[in-house]
Amino acid sequence: MPRKFKPGDWVKAKGKISAPKMEVLRYVPKKDSFFGLVNNDSYLECVWYKSGVRNLEVIHQNKLIKLTETGGLFKT
């Protein structure tokens, strides 16, 4: 599967109005529990801030959409 995003891209979860705006950090390898194969090109590590707390999450690239606006991760 081709990579859809690159580090520094701004993304949001598909179908969720209240989903946070996240920044892509990198692609991470994830092992398939059923077949035991390692997938290097589908899972992204994303970061966002909420109330001053940094949150990280690993998400499949097909569950994300790219945003045109950039910046503004941290709000005080």
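Basis for what follows: all heavy atoms, side chains included, without hydrogens, waters or symmetry-related copies.
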For this session: Check step by step if side-chain contact (heavy atoms from CB on, under 4.5 Å) holds for Val47 and Met22.
Result: CA-CA 5 Å; Val47 63; Met22 301 178 282; over 6 Å; no
Exercise. Could you state the interatomic distance from OG1 (Thr68) to NZ (Lys66), rounded to the nearest 0.5 Å?
Worked result: 10.0 Å
Which heavy atom of [X] sits nearest to which heavy atom of [Y], and what is that distance?
{"X": "His60", "Y": "Tyr43", "answer": "CD2-CZ, 3.6 Å"}
{"X": "Pro7", "Y": "Leu25", "answer": "CB-O, 3.4 Å"}
{"X": "Phe5", "Y": "Gln61", "answer": "CE1-O, 3.6 Å"}
{"X": "Gly8", "Y": "Glu23", "answer": "CA-OE2, 3.6 Å"}
{"X": "Glu45", "Y": "Val28", "answer": "CB-CG1, 3.9 Å"}

For this session: Go through the steps to decide whether Trp48 and Arg54 satisfy the test side-chain contact (heavy atoms from CB on, under 4.5 Å), and finish with yes or no.
Result: CA-CA 6 Å; Trp48 76 95; Arg54 184 175 193 232; over 6 Å; no
Problem set entry | NZ (Lys14) with more than 12 external heavy atoms under 6.0 Å | yes
Exercise. Passes side-chain contact (heavy atoms from CB on, under 4.5 Å), Leu44 versus Leu64? Steps please.
Worked result: CA-CA 10 Å; Leu44 297 159; Leu64 300 170; 3.4 Å; yes
Any side-chain heavy atom of [X] within less than 4.5 Å of one from [Y]?
{"X": "Lys21", "Y": "Trp10", "answer": "yes"}
{"X": "Leu56", "Y": "Cys46", "answer": "no"}
{"X": "Val53", "Y": "Lys50", "answer": "no"}

For this session: Would you check if the side chain of Lys12 reaches a backbone N or O of Ile17 as a donor-acceptor pair within less than 3.5 Å?
Result: yes
